[in-house]
2 protein chains.
Amino acid sequence: METKKQIVSSTPEPTIRRLPMYLSYLKNFLSDGREYISAPHIASDLRIDATTRTKDLAYIGISGKPKIGYSVPVLINYLEEFLGYNRNDLAFLVGAGNLGTALLKYEGFKNTGLRIVAAFDNDTRKIGGKIGGVEILPIDKLRNMIERMHIAIGIITTPEGVAQSIADMMIGWGIKAIWNFTPAIIKAPEGIFVENTSIYSNLAVIINKIQNQ
Amino acid sequence: METKKQIVSSTPEPTIRRLPMYLSYLKNFLSDGREYISAPHIASDLRIDATTRTKDLAYIGISGKPKIGYSVPVLINYLEEFLGYNRNDLAFLVGAGNLGTALLKYEGFKNTGLRIVAAFDNDTRKIGGKIGGVEILPIDKLRNMIERMHIAIGIITTPEGVAQSIADMMIGWGIKAIWNFTPAIIKAPEGIFVENTSIYSNLAVIINKIQNQ
DNA sequence: TTTTAATAAAGAATTATTTCTTTATTAAAA
DNA sequence: TTTTAATAAAGAAATAATTCTTTATTAAAA
């Protein structure tokens with residue numbers, strides 16, 4: 001008869017997923033030189049109901065002025081703060097293949113507060129080199145590095161087959177969150193957060209839409 | 001006073017997003033040589049409530065046998081059929097940079113029914129060559145190719161700044177669905193489906209979880 | 001056979017999310 | 001000032017999705 005109810009009242013995940021979209025949109029808007037923006041305006045451009053958007057912004061603690069709207073720069077600041085772009089979250093990446101390379105070279109992370117501080121691979125031709133300015137180290141250095149640097153985030157871009165064993169190692173050595181880009185289903189103990197970026201899930205939605213006209 | 005209610009009763013999107021996960025899991029399970037699997041078994045491995053899973057499977061039209069469970073090969077067939085893996089959906093990809101290259105080389109698509117038949121870029125060093133067996137063509141060939149081959153899916157892996165203009169072109173020439181890997185917010189007319197694979201959204205969820213312990 | 005236990009299916013309840021409706025606020029116009 | 005219109009905020013309702021509960025099914029054991 002335990003109470004399972006979580007009294008967290010945290011921001012809904014759909015809201016969190018929308019926030020980066022607002023941010024991107026607002027930065028474009030600002031670069032056009034306009035300083036205030038209204039909810040209906042954002043809503044129609046982003047094809048999201050105006051109320052949904054208002055509530056999303058209320059979650060991050062910002063309010064607008066009637067007859068005027070929201071101050072775009074203030075909105076951007078709040079969003080960046082909320083999204084942790086002013087933090088400095090360190091991550092390791094394992095698997096410097098095509099996808100891993102793409103992430104290591106990804107300019108977009110520069111603004112986000114996420115910093116990939118090292119990458120690991122077992123290909124001796126890659127080890128010792130750098131990709132996107134990040135050093136490639138042998139897998140057997142992983143343990144020591146995680147423990148020494150207190151890295152919280154582990155990014156897995158390995159082949160599917162080894163993803164779980166990499167995750168197990170990472171978790172055992174202190175990683176708190178895993179960002180899994182493989183199709184593997186990562187099993188992790190309570191308290192370890194696993195976020196999957198699944199190409200297949202996205203593809204499934206597209207194909208389903210096409211199949212049903 | 002129009003009726004907005006859509007009486008489609010289609011499969012819920014969360015369900016569709018989970019299906020590839022089931023498929024991956026079941027293929028592993030099958031390779032272990034076991035032929036039947038029960039709902040509670042899948043559920044506990046995948047950390048999804050057993051009822052949710054049963055309903056997911058009911059959507060795709062498969063039922064299990066009491067006391068036995070589901071036949072794994074049958075389940076796999078149904079899933080692959082439902083997910084369109086037996087179809088042959090053709091796609092073009094625009095932007096053969098790091099991410100584009102990763103997708104072109106992605107072995108995983110081989111089983112999915114999605115075939116990227118050509119890629120487009122404006123880098124003359126890439127044009128004429130092949131990546132992952134796919135030819136790289138100049139952007140100005142895009143129109144003719146879309147119209148001639150009746151391609152339905154356009155994948156955008158360009159820099160953010162040009163994503164909308166590429167989308168506009170694709171849509172104008174007959175593309176029905178856009179898979180956008182850039183952070184740009186693609187505006188598209190009614191009837192054109194846009195699926196975003198947003199690195200930022202996934203990152204936002206991770207950072208939010210870490211911030212709240 | 002009959003009973004039992006594992007299991008699926010159906011339905012109800014709950015929770016989460018979105019959308020709709022009303023009310024309050026306020027800058028600008030009269 | 002006072003009024004108006006654009007807007008946000010708050011609350012209610014509707015919808016969607018998940019989880020819980022009960023019922024039905026059936027292979028295997030007794």
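A note on names: the letters A, B, ... follow the listed sequences, proteins ahead of strands, and every chain is numbered from 1.
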What's the shortest heavy-atom distance between A/Gly100 and A/Thr157, and which atoms?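 Smallest interatomic distance, heavy atoms only, reads CA-OG1, 3.5 Å.
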At less than 4.0 Å, is any side-chain N or O atom of A/Tyr59 found next to OP1 or OP2 of C/dT18? Yes or no.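 So the side chain of A/Tyr59 is outside the cut-off, no N or O lying under 4.0 Å from OP1 or OP2 of C/dT18.
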Is the phosphate of D/dA6, meaning OP1 or OP2, less than 4.0 Å from a side-chain N or O of A/Ser38?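 It does not, given that no N or O in the side chain of A/Ser38 lies less than 4.0 Å from OP1 or OP2 of D/dA6.
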Selected nucleotide, minimal atom distance to [X] side chain, candidates [options]:
X: A/Pro12; options: C/dA8, C/dT17, D/dT18; answer: C/dT17
X: A/Thr52; options: D/dG11, C/dG11, C/dT18; answer: C/dT18
X: B/Pro66; options: C/dA6, C/dA9, C/dT19; answer: C/dA6
X: A/Asp49; options: C/dA27, C/dC20, D/dT21; answer: C/dC20
X: A/Thr51; options: D/dG11, D/dA8, C/dT18; answer: D/dG11
X: A/Ala39; options: C/dT17, C/dA8, D/dA8; answer: D/dA8
X: A/Lys65; options: D/dA8, C/dT18, C/dA27; answer: C/dA27

Whole angstrom is fine here: how far is it from [atom1] in [X] over to [atom2] in [N]?
X: B/Leu46; N: D/dT18; atom1: CG; atom2: P; answer: 14 Å
X: B/Arg18; N: D/dA16; atom1: CZ; atom2: C1'; answer: 12 Å
X: B/His41; N: C/dA6; atom1: NE2; atom2: P; answer: 16 Å
X: B/Glu13; N: D/dT18; atom1: CD; atom2: C1'; answer: 16 Å
X: A/Arg53; N: C/dT19; atom1: CZ; atom2: P; answer: 13 Å
X: A/Lys55; N: D/dT7; atom1: NZ; atom2: P; answer: 20 Å
X: A/Tyr36; N: C/dT26; atom1: OH; atom2: C1'; answer: 13 Å

Take B/Phe109 and B/Tyr106 through the ring-ring contact (aromatic ring centres under 6.0 Å, His included) test and state the conclusion after the steps. CA-CA 6 Å; B/Phe109 285 141; B/Tyr106 190 43; 5.0 Å; yes
Could you check which nucleotide pairs with [N] in any of the strands shown, counting Watson-Crick or G-U wobble with both distances under 3.5 Å?
N: C/dT17; value: D/dA14
N: C/dT4; value: D/dA27
N: C/dA9; value: D/dT22

Just checking A/Lys65: does its NZ atom have more than 12 heavy atoms from other residues, nucleotides or ligands closer to it than 6.0 angstrom?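 No, the 6.0 Å shell around NZ holds no more than 12 heavy atoms from other groups.
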Donor-acceptor pair (no angle test) under 3.5 Å: A/Lys67 side chain, D/dT4 base: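 Flag unset: no donor-acceptor pair detected.
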Name the orientation class of the two ring planes belonging to A/His41 and A/Phe29 (parallel below 30°, tilted from 30 to 60°, perpendicular beyond 60°).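 A/His41 vs A/Phe29 ring planes: perpendicular.
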Given the side-chain rings of B/Tyr70 and B/Tyr36, with only the six-membered ring counted for Trp, is the space between their centroids under 6.0 Å?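 No, too far apart.
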